[in-house]
Every structure is written in C-alpha cells, then in structure tokens.
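The next block holds one structure in the form of structure tokens; read it before the comments.
Excluded from the calculations below are hydrogen atoms, water molecules and symmetry mates; all remaining heavy atoms, backbone and side chain alike, are included. Just so it is clear: chains get the letters A, B, ... in the order the sequence lines come, proteins before strands, and each one is counted from 1.
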There are 2 protein chains.
Amino acid sequence: MSEHMDFDAVIDAWRRGAAMSVESVGCPVRGVLDKISDKWSMLLVMNLATKPMRFNQLRREIPDISQKMLTQTLRELERDGLVVRTVYPTKPPSVEYALTDLGVSLVVPFGYLIAWANQNHARIDDARAQFDGVEAA
Amino acid sequence: MSEHMDFDAVIDAWRRGAAMSVESVGCPVRGVLDKISDKWSMLLVMNLATKPMRFNQLRREIPDISQKMLTQTLRELERDGLVVRTVYPTKPPSVEYALTDLGVSLVVPFGYLIAWANQNHARIDDARAQFDGVEAA
DNA sequence: CAGTATCCCAAGGGATACTG
DNA sequence: CAGTATCCCTTGGGATACTG
C-alpha cells in the first residue's frame, strides 16, 4: 500500500472511511490532521528530517518562530511520538531533537504536499489576483 | 515528476527550496500550506472530490461546520482557484460547488496524508497515552 | 435555498522577563 | 543552553438573527 495513489484510489479509500470519520465524534483522521496542520509542526518535522538538531539550532533555522511556540510544538511532536528529545548532561546541558520512525514516515506524505505547493502556488496567486480583480470591478 | 517519492527525494527537494522559503518574507510554500491547513479546507476539498455539491448538501455531509465557516471556506477555495461556484437561476436559486482542475490535483497529495493518518493514528494515541502516563508518574 | 451580518467567546500565539 | 512563566493582543470560529 501507499506505493502509488491516483485520484480514484484516494476517492475509494475516502468513501470507505468517510461515514465513520465525519459523523463520529472523534474522527481519528481529522484529529491527526488537525494536529499536523498547525502553524509550525510541518516545518519542524521537515527541518528535523534533514538532520537532528538542538533547540537553538532550530530557532536559527526558523527565525520567525517564537521561543514559546518552538517549545510548545516540540513538546506536542514528542507527545505524539513523532520526535524524540535526548538530553546530554553536559554543562550547560544540550538537548537534541530527532525524528522517530513515525516522524520519518510522515516526511513522504508531507513531501507530496510541499511538491504540490511548489508546483502550484503561482496558479493560486493568479487565481486570487483574478478573483480580487473581478470582484473589485 | 510526482510519480513516486521516497525519503531522500523529498529531502533533496526540501534542501534545494528551503533557503529561499524559510528566510524570505513571503515563502510561497508556507503561504499555500497555511491556507490548506485551516480547519475545514481539506475536508471540503475531499467531499467535493467525491462529487460536486450544493451548499446545504455540504452542510449535511459535514454536520459540525457552521454556516459561517462553510461560506467563508468555500469563498477562499473559490478565490484560490480550487473550487468553482456555479449559480443556476432557478427559483429558489441553486448553487453548485465543484473542484477545478487545480482542486482535483490536490486530492492525491491529500490522499497520502489521509492514508498516513489512517495507518498511524493508533500509534499516535499510544504514544500520547504513554507520554502522559510517564509524565503523571 | 443560499446566503449576510452581528455578537462574542476561546484559543492561538507573539513579546518580554526570568531560571537551572 | 534550554527552557518556564506571564501578559496581552489578535484571530478563529460558533450562535443567532435576518434577507433576496
């Protein structure tokens, strides 16, 4: 499974899972995707995918994340089993963050989404410009 | 491109694009992904992928979306060129929403993410239970 | 049917200051 | 270095009421 998907395969899978998911109170897929789709999770996962990093190293890689959100997002990723936090008892302590196997497994799905965004952001910008232009006329 | 991706291919692509994306003010990828990752966009796209639908039909499919958010999210999807809105001048008017080609092209990337969520939400729940258990001990 | 408009609360998240 | 703790503003988004 998951080697290659086309439109019909996705729709088939969605149809089989949709009844359970949308209606039930705790749709697992929506829960997972809500977590994944916060402002910083994907960016952190992708950065840690390139190599394990320490706290302040991540801050430098993502200059516009606040300390609070970096800590908070890393904790959530750790809690969800996507990231491991390893403390080396040096002085001052150094802490390394790395993806778990589960975290690694998320990189490819993210990759498809990122590739899509790379390929299509220009079309989105165009569509938006046209929509706004027409509406303003 | 995009036929099949593995971890290394994703990382390579990420490395080539990362410098431009994270540092620059308007990273197109982050912009796109922020839009996509709001609470309802993906769910609407997936529902419209199964078939074009009218406004109240969508409300029934997604019982927990408010009228406000349905309108708002549909407008944004339309603005971004992912959805077309067609008004049939019947009485009372009926309005059909359908994916554009661009919208359709997003279904497969979403499919990978949804498949991942389906396959791994149990592992996430376990990780979370263990994390919370250890922390409480 | 397919919306708009308003109110309002709760969560998200940045800035700043402090700590082992 | 790697955080915690607070403050506070902004945004997301639900509830309700109204309209062509």
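- Note on B/Lys39: only backbone sugar-phosphate atoms sit closer than 4.0 angstrom, heavy atoms only; bases stay farther off.
- Across all strands shown, A/Arg85 has heavy atoms under 4.0 Å from sugar-phosphate atoms exclusively, and none from any base.
- When the nearest nucleotides of DNA chain C are assigned to B/Val95 and A/Trp40 by heavy-atom distance, the more 5′-ward of the two goes with B/Val95.
- Here D/dA2 presents its C1' atom at 12 Å from CZ of A/Arg60, a figure rounded to the nearest Å.
- Atom-to-atom, CD of B/Glu76 to P of D/dT11 comes out at 14 Å; the value is rounded to the nearest Å.
- Among the heavy atoms of the strands lying under 4.0 Å from A/Gln67 is at least one base atom, whether or not backbone atoms are also near.
- The side chain of A/Pro93 sits closest to C/dG20 out of C/dA2, C/dG20, C/dT4.
- Distance from the side chain of A/Arg54 is smallest for D/dC1 among the nucleotides D/dG13, D/dC1, D/dG3.
- Atom CZ in A/Phe55 sits about 6 Å away from atom P in D/dG3, given to the nearest Å.
- Contacts of A/Tyr88 with the nucleic acid, taken as non-hydrogen atoms under 4.0 Å apart, are absent.
- Under a 4.0 Å N-O distance rule, the pair B/Arg30/A/Asp64 qualifies as a salt bridge.
- Here the C1' atom of nucleotide D/dG13 and the CG atom of B/Leu43 are 15 Å apart, to the nearest Å.
- Residue A/Arg59 is out of contact with every strand shown, counting any heavy-atom pair closer than 4.0 Å.
- Listed pair A/Arg75 / D/dA2 fails the phosphate criterion, with no side-chain N or O lying under 4.0 Å from OP1 or OP2.
- Using a cut-off of 4.0 Å between Lys/Arg side-chain N and Asp/Glu carboxylate O, B/Lys39 and A/Asp34 are scored as not salt-bridged.
- Nucleotide C/dG12: paired with D/dC9 (Watson-Crick or G-U wobble, both distances less than 3.5 Å).
- The CD1-P distance, from A/Ile65 to C/dA15, rounds to 12 Å in whole Å.
- When the side-chain nitrogen and oxygen atoms of B/Tyr97 are compared with OP1 and OP2 of C/dC1, none of them lie within a distance under 4.0 Å.
- Listed nucleotides C/dG3, D/dG14, D/dA2 differ in distance to B/Lys68; the shortest reach to its side chain belongs to D/dG14.
- The CD-C1' distance, from A/Glu96 to D/dG3, rounds to 17 Å in whole Å.
- Looking at B/Tyr88 and B/Val95, their side chains never come closer than 4.5 Å, going by heavy atoms from C-beta outward.
- Side chains of B/Ser105 and A/Trp116: a donor-acceptor N/O pair is present below 3.5 angstrom, by distance only.
- The pairing partner recorded for C/dT19 is D/dA2, the criterion being a Watson-Crick or G-U wobble arrangement whose two distances lie under 3.5 angstrom.
- In this entry the distance linking CD of A/Gln72 with P of C/dA15 reads 15 Å, nearest Å.
- Using cut-offs of 30° and 60° for the angle between ring planes, the B/Tyr112 and A/Tyr112 rings count as parallel.
- Regarding A/Met53, its CE atom lies at a distance of 13 Å from the P atom of D/dA2, rounded to whole Å.
- Picking from D/dG3, D/dG14, C/dC1 the nucleotide with the shortest atom distance to the side chain of A/Thr71 gives D/dG3.
- Here CG of B/Leu102 is found 4.5 Å from CZ of A/Arg123. Values are rounded to the nearest 0.5 Å.
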